[in-house]
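Here is the structure we will look at, set down as structure tokens.
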Amino acid sequence: MPHRYQDTYPERPLIESRSLARPSAADLLTLEYFEAEPDSMPEREYAQHHILLNYQETPHRVENWRDGEHRDFTYHHNEIVVTPAGMVSGWRWYIKSKVIVITLEPEKLERFAKSELGVLLTAQQLKDLPQFTDVDICQAGWLLKEALETRDIGSEVMFESLARVFLIKLIQKYGERDAVPGLARGFTANHYKRVLDLVSKQFGRTITLEDLAGQAALSPSHFSRLFKQTVGQSPMQFVMSYRVEQAKKMLVASDRQMIEIALACGFSDQAHFSRVFKQVAGAPPKTWRATQAI
């Protein structure tokens with residue numbers, strides 16, 4: 001049975017994001033920063049993707065076991081190791097570490113890639129990259145750490161924004177995108193991107209199934225079947241989910257009235273907005289807004 005990465009840490013992190021009060025920020029990724037004395041982590045299969053960002057300036061020896069393969073290597077400053085979920089992984093390090101560990105839930109990463117980038121990921125989602133240098137990703141990770149350290153008013157908003165930037169960089173560079181043969185026959189990643197572009201531009205107006213099917217040049221019934229088979233939601237469920245995500249942003253970023261937000265996001269009235277929002281987010285919009293207060 002896959003484990004959670006956090007359950008096997010040999011010591012507590014100096015900084016961690018799990019204490020964030022803002023659910024929308026904590027929902028994107030988990031960050032832990034360690035300066036751990038030499039130690040080891042046992043070989044386990046993990047349910048999350050985990051990404052190690054090395055900030056120790058002294059090159060040092062590290063051992064890593066990955067699905068039975070033993071790697072004994074020198075770990076350099078700004079080097080990263082990406083281990084996809086489902087892989088058996090273990091570690092040993094020989095000097096005091098200075099590392100950020102980012103963990104990602106596959107379901108949430110898939111949802112983010114679809115809604116924010118219009119990207120359909122493979123089942124693996126992230127490339128298996130045992131060791132590589134990426135200064136840009138490491139800098140993005142360090143900015144996340146600094147946002148957690150400040151704990152000023154607005155720091156959780158800053159963390160959420162930086163987490164989105166980090167995920168976009170990660171997916172664009174190291175995401176395993178689904179090729180056309182991996183999708184439902186007749187529905188491509190390009191079709192999905194065109195549908196998302198339409199929804200992102202028109203979500204405040206009436207969108208019909210015919211409008212969406214036109215982006216893939218398919219009949220509404222055929223499009224609806226292929227879309228659900230590929231994306232996991234019906235086309236109109238997708239539209240409603242997108243509207244709710246935009247409404248969440250408006251609820252957090254402004255003090256606009258519920259009816260204003262409802263109409264701006266394409267809902268017919270406030271009652272319709274509240275009903276759909278609760279179905280998607282698990283709570284009515286007023287209650288959800290209250291939980292986001294810092």
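Everything numeric here is computed off the predicted structure, so don't read it as measured data.
When all heavy atoms are compared, the tightest approach of Arg289 to Leu251 is NE-O, 3.0 Å. Scanning both residues, Pro284 and Phe277, for their nearest heavy atoms gives C-CD2, 3.9 Å. Contact between Phe227 and Gln233 at its shortest, heavy atoms only, is CD2-O, 3.2 Å. Nearest heavy-atom pair, Val276 versus Val244, reported as atom, atom and distance to 0.1 Å: CG1-CG2, 4.0 Å. Shown here for Leu28 and Glu160, the closest heavy-atom pair between the two residues is CD1-O, 3.7 Å. Here the closest non-hydrogen pair linking Ile100 and Gly141 is CD1-O, 3.5 Å.
Side-chain contact check for Tyr174 and Glu176: no donor-acceptor pair (N or O, by modelled atom type) lies under 3.5 Å. In the model, Tyr33 has no side-chain atom that pairs as donor or acceptor with a side-chain atom of Glu16 under 3.5 Å. Looking only at atom types and distance, the side chain of Gln6 has a donor-acceptor partner in the side chain of Thr103 under 3.5 Å away. In the model, Gln125 has a side-chain atom that pairs as donor or acceptor with a side-chain atom of His49 under 3.5 Å. Side-chain atoms of Asp197 and Ser200 include no donor-acceptor pair closer than 3.5 Å. Side-chain N/O atoms of Ser89 and Tyr5 include no donor and acceptor closer than 3.5 Å. Neither side chain, Gln56 nor His77, offers a donor N or O lying under 3.5 Å from an acceptor on the other.
Counting only distance, with no hydrogens or angles, the side chain of Ser224 and the backbone of Pro220 share no donor-acceptor pair below 3.5 Å. Side-chain N or O atoms of Gln246 include none that pairs as donor or acceptor with a backbone N or O of Ser241 at under 3.5 Å. For Gln48 (side chain) and His50 (main-chain N/O), no donor-acceptor pair under 3.5 Å exists by modelled atom type.
Around CD of Glu210, the count of heavy atoms belonging to other residues, nucleotides or ligands within 6.0 Å exceeds 12. Within a 6.0 Å radius of CD in Glu11, other residues, nucleotides and ligands contribute more than 12 heavy atoms.
The pair Arg111-Glu107 fails the salt-bridge criterion, with no side-chain N (NZ, NE, NH1 or NH2) lying under 4.0 Å from an Asp/Glu carboxylate O. A salt bridge does not link Glu110 with Lys108: every distance from a Lys NZ or Arg NE/NH1/NH2 to an Asp or Glu carboxylate oxygen is 4.0 Å or more. The pair Arg18-Glu32 counts as a salt bridge, with a side-chain nitrogen and a carboxylate oxygen less than 4.0 angstrom apart. Under a 4.0 Å N-O distance rule, the pair Arg92/Asp39 does not qualify as a salt bridge. One finds no salt bridge joining Glu245 and Lys249 here, because no Lys/Arg side-chain nitrogen approaches an Asp/Glu carboxylate oxygen to under 4.0 Å. Salt-bridge check for Arg66 with Glu69: failed, with every basic side-chain N at 4.0 Å or more from each acidic carboxylate O.
For the pair Arg61 and Tyr94, the distance from NZ or CZ to the six-membered ring centre is under 6.0 Å and the angle to the ring normal is within 45 degrees.
For the atom pair CG of Leu53 and CG of Leu144, the computed distance is 9.0 Å after rounding to the nearest 0.5 Å. Residue Thr30 holds its OG1 atom at 8.5 Å from CD1 of Ile102, rounded to the nearest 0.5 Å.
Val99 has its side chain out of reach of Trp93: every pair of non-hydrogen atoms, C-beta onward, lies at least 4.5 Å apart.
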Practice prompt. Starting from the C-alpha separation in whole Å, work towards a yes-or-no answer on salt bridge (Lys or Arg N to Asp or Glu O under 4.0 Å) for Asp134 and Lys169.
Written response: CA-CA 11 Å; Asp134 192 318; Lys169 288 177 180 290; over 6 Å; no
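Ring geometry for Tyr242 against Phe238 counts as tilted: the plane angle lies between 30° and 60°, on a 0 to 90° scale.
Among residues two or more places apart in sequence or in another chain, the ring-ring contact (aromatic ring centres under 6.0 Å, His included) test is passed with Tyr55 by Trp142.
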